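Since the model is a prediction, treat every value here as computed from it, not as a measurement.
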Amino acid sequence: MHVRCVICERDEEIPDDSPEAKRIRNRPIHTYMCMECHDRIAEKTAERLATGKFIFRRTSESSEEEF
């Protein structure tokens, strides 16, 4: 399957029978991000978390605890 990264617009080929290809085919709202962009975002997020000024809210459970 031919895919394009939404951040760097690099064209790549992924196996047609992979779970990611199926996800993209069946739900067009799902987008593809290459591993280089994914790793870069993960690295930058970890750096921001290490500063202590960045609050990472993963689930809605934390918002329920505030009330």
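Enclosure of atom NE2 in His30 by more than 12 non-hydrogen atoms of other residues, nucleotides or ligands within 6.0 angstrom is indicated.
With sequence neighbours left out, the salt bridge (Lys or Arg N to Asp or Glu O under 4.0 Å) criterion links Glu20 to no other residue. Under the side chain to side chain contact (heavy atoms under 4.5 Å, CB included) criterion, Glu47 pairs with Glu43, Lys44, not counting sequence neighbours.
In this structure, Ile7 belongs to a hydrophobic cluster whose other members, linked by side-chain heavy atoms under 4.5 Å apart, are Val6, Met33, Ile41.
Listed by first and then second residue, the side-chain hydrogen bond (donor to acceptor under 3.5 Å, both in side chains) pairs involving residues 7-18 are Arg4-Asp11, Arg10-Glu36, Glu12-Tyr32 (not counting sequence neighbours).
Taking all atoms of both residues into account, the shortest heavy-atom contact from Cys34 to Cys8 is SG-SG, 3.7 Å.
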